[in-house]
Amino acid sequence: VQLQASGGGLVQAGGSLRLSCAASGRSFSDGTMAWFRQGPGKEREFVASIRWSGGNTNTAYADSVKGRFTISRNAAKTTAFLQMNSLKPENTAVYFCAARGGYLISSRLRVESDYNYWGQGTLVTVSS
């Protein structure tokens with residue numbers, strides 16, 4: 001499985017961007033996809049996740065992005081999206097997508113080692 005992240009770029013504070021993460025090689029009947037980010041001089045951190053099993057889908061967000069970012073996926077279960085609104089300069093980072101088969105329990109969503117597949121990252125720069 002390969003993950004391809006795209007959609008990053010330069011945006012002014014208050015603006016919006018939509019990131020995409022496309023999985024090639026398989027789709028996940030049950031799965032978890034997530035976004036992490038690494039800002040300048042910072043450690044990589046969890047941003048948001050979406051997980052699904054059967055007809056059940058759940059999302060989770062870091063507190064810092066709740067109400068501004070929305071994660072979703074396509075019906076084919078191959079692509080995850082991150083809609084980012086009201087962007088702030090502190091959101092500047094390389095955004096990475098991650099995925100795994102199976103419905104990850106909530107206590108493990110932020111654990112990077114629980115994800116089997118990672119994309120290459122896409123740079124988001126928010127100017128003030």
Side-chain angles (χ1 to χ4, degrees):
V1 177
Q2 290 188 328
L3 300 182
Q4 180 68 45
S6 61
L10 174 64
V11 64
Q12 288 188 331
S16 298
L17 281 176
R18 189 189 194 213
L19 306 184
S20 297
C21 175
S24 62
R26 66 172 285 185
S27 62
F28 301 100
S29 55
D30 297 340
T32 304
M33 296 184 79
W35 290 94
F36 289 76
R37 68 185 177 190
Q38 186 166 19
K42 298 180 180 179
E43 294 186 352
R44 192 155 59 182
E45 63 177 358
F46 171 83
V47 177
S49 67
I50 184 166
R51 47 191 174 140
W52 60 93
S53 178
N56 188 34
T57 300
N58 283 291
T59 58
Y61 298 91
D63 288 344
S64 61
V65 306
K66 282 180 181 177
R68 299 187 298 120
F69 290 13
T70 302
I71 190 169
S72 62
R73 63 157 171 82
N74 66 350
K77 304 173 184 177
T78 59
T79 303
F81 306 97
L82 186 68
Q83 178 66 43
M84 305 186 295
N85 298 329
S86 303
L87 282 161
K88 305 175 181 180
E90 54 263 41
N91 298 142
T92 293
V94 177
Y95 284 72
F96 299 89
C97 61
R100 61 164 290 146
Y103 189 89
L104 197 56
I105 60 174
S106 58
S107 61
R108 305 295 295 181
L109 291 172
R110 291 165 170 75
V111 180
E112 294 182 27
S113 60
D114 277 17
Y115 293 88
N116 304 117
Y117 310 107
W118 288 82
Q120 82 289 2
T122 185
L123 176 63
V124 172
T125 303
V126 185
S127 63
S128 57

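- The list of ring-ring contact (aromatic ring centres under 6.0 Å, His included) pairs with a residue in residues 74-113, not counting sequence neighbours, is empty.
- Residues N85 and S16 are in side-chain contact: their nearest non-hydrogen atoms beyond the backbone lie under 4.5 Å apart.
- The hydrophobic clustering, which links ILVMFWY residues whose side-chain heavy atoms are closer than 4.5 Å, places F69 and L10 apart.
- Under the 4.5 Å side-chain heavy-atom criterion for ILVMFWY residues, no single connected hydrophobic cluster contains both L82 and L109.
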For this session: Just do the side-chain contact (heavy atoms from CB on, under 4.5 Å) check on V124 and M84 with the steps written out, would you?
Result: CA-CA 10 Å; V124 172; M84 305 186 295; 3.8 Å; yes
Problem set entry | Test log, rule side-chain contact (heavy atoms from CB on, under 4.5 Å), inputs T59 and W52 | CA-CA 9 Å; T59 58; W52 60 93; over 6 Å; no
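- Atom CD of Q2 is surrounded by 12 or fewer heavy atoms from other residues, nucleotides or ligands within 6.0 Å.
- Here I71 contributes atom CD1 and Q83 contributes atom CD; the two are 12.0 Å apart, rounded to the nearest 0.5 Å.
- Tested against L104, the residues T32, V111, N58 include a single side-chain contact (heavy atoms from CB on, under 4.5 Å) partner, T32.
- A salt bridge (charged side-chain N to carboxylate O under 4.0 Å, His left out) check over residues 109-128, counting only residues at least two apart or in different chains, returns the pairs R44-E112, R108-D114.
- Taking A76 as the reference, N74, T78 meet the side chain to side chain contact (heavy atoms under 4.5 Å, CB included) condition, with sequence neighbours excluded.
- Not a single salt bridge (charged side-chain N to carboxylate O under 4.0 Å, His left out) links K88 to another residue, sequence neighbours left out.
- Scored by the salt bridge (charged side-chain N to carboxylate O under 4.0 Å, His left out) test, E45 finds R37 as partners (sequence neighbours excluded).
- Annotation: salt bridge (charged side-chain N to carboxylate O under 4.0 Å, His left out) contacts involving residues 59-68, sequence neighbours excluded, comprise D63-K66.
- The hydrophobic cluster containing L87 does not contain F46, counting ILVMFWY residues as joined when their side-chain heavy atoms lie under 4.5 angstrom apart, directly or transitively.
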